[in-house]
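Worksheet: one structure, shown below.
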Amino acid sequence: MARQSRQADASRIKSILTALQRTYPRAHCELRYSNPLELLIATILSAQCTDARVNEVTRTLFQRYRTAADYAEAPLSELEEAIRPTGFYRNKARNIQACCRALVEKHGGQVPRTMEELTALDGVGRKTANVVLGNAFGINEGIVVDTHVRRVAQRLGLTRQTNPDKIEQELMQQVPRDLWTQFSHWLIWHGRRRCYARKPDCPHCELRQWCPSAGKV
DNA sequence: CTCCCGATAT
DNA sequence: ATATCAGGAG
């Protein structure tokens, strides 16, 4: 089975989008936050860590640190202790502090709203930038490609790429722009609730009928 | 490519 | 024991 027609691919992605919409009508960002800075910090902390654990840490973290200046001025060791349970805590603390110092010095303490400015910050790549732009600012700049999106997109046959930037490009070509942020949430929710990394629940999968990997993983 | 970090599931 | 968890930098 090499490759079917372009038209068949377009029809298939439409069916998949419809099924995702029907299955996860309430899909949203599950990191807890109440402003762009909090979402930026939470997303940096979320690397290789469950969102549940991030939310546990930020519940107290966000009471203690409220502005970019608070993170910028904090003793690094204190910040490390506060975020330790999320793992990679030395890198993350250093990145958060450098990031917040740049916010204070170059952006008036505010979180910038462009991909270029966001990815210039320490510890912020396209994935984190897309989360902030899409969820805090409602800007569909790109598609969030995290571990769930990569796995689900590959299993669905929406991409054969392994590089996150290339995966994002291919997905952006197939999904209407106004759905980019929602699409990211749909795949992340599906990855967490059905399409598990180790043992996907194909028998109960709502996308089974369009998935070339169904029952084969 | 490796490293950073540790809890949890299999 | 090993893979995985809302990655990014060197």
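Numbered from 1 within each chain, the chains take letters A, B, ... in sequence-line order.
The backbone N or O of A/Lys92 sits nowhere less than 3.5 Å from a side-chain atom of A/Asp122 that would complete a donor-acceptor pair.
Annotation: B/dT10 and C/dA6 have their P atoms spaced 14 Å apart (nearest Å). Rounded to the nearest Å, the gap between the P atom of C/dG10 and that of B/dC5 is 14 Å.
Considering A/Ser15, A/Ser11, A/Cys205 in turn, A/Ser15 is the only one that fulfils the side-chain contact (heavy atoms from CB on, under 4.5 Å) rule with A/Trp210.
Rounded to whole angstrom, the span from the CD1 atom of A/Ile188 across to the P atom of C/dG7 amounts to 9 Å. Look at CZ on A/Arg84: it is 13 Å from C1' on B/dC4, rounded to the nearest Å. Note: NZ (A/Lys92) to P (C/dA9) measures 13 Å, nearest angstrom. Atom CG in A/Asp122 sits roughly 19 Å away from atom P in C/dG7 (whole-Å rounding). At whole-Å resolution of the value, CG in A/Asp146 and C1' in C/dG8 are 14 Å apart. If you measure from atom CZ of A/Arg198 to atom P of C/dA1, you get 15 Å, rounded to the nearest angstrom. Across the protein-nucleic acid pair, A/Ile143 atom CD1 and C/dA6 atom C1' stand 15 Å apart, rounded to whole Å. Following rounding to the nearest Å, A/Arg90 (CZ) and B/dC5 (P) show an atom-to-atom distance of 4 Å.
Surrounding CZ of A/Arg177 are more than 12 heavy atoms belonging to other residues, nucleotides or ligands, all under 6.0 Å away.
Nucleic acid contact for A/Tyr89: sugar-phosphate only, since backbone atoms but no base atoms lie under 4.0 Å from a heavy atom of the residue. Residue-level contact check: A/Val149 touches neither bases nor backbone, having no heavy atom under 4.0 Å from any strand. Across all strands shown, A/Arg151 has heavy atoms under 4.0 Å from sugar-phosphate atoms exclusively, and none from any base.
At a non-hydrogen distance threshold of 4.0 Å, A/Gln48, A/Arg53 from residues 39-62 of chain A come into contact with DNA chain B.
Listed here is the closest heavy atom pair of A/Arg150 and A/Thr147: NH2-OG1, 3.4 Å.
In this structure, the side chains of A/Gln110 and A/Leu103 stay at 4.5 Å or more apart for every pair of heavy atoms. Counting only heavy atoms from C-beta outward, the side chains of A/Leu20 and A/Glu206 never approach each other to under 4.5 Å.
Nearer the 5' end of DNA chain C, as judged by each residue's closest nucleotide, is the contact made by A/His185, out of A/His185 and A/Val124.
For an aromatic pair to be called close, the ring centres must be under 6.0 Å apart, and A/Trp189 with A/His28 satisfies this.
Taking the 5.5 Å centre cut-off and the 30° plane limit, the aromatic side chain of A/Phe88 is not classed as stacked on B/dC5.
Side-chain atoms of A/Asn91 lie closest to B/dC4 of the nucleotides C/dT4, C/dA6, B/dC4.
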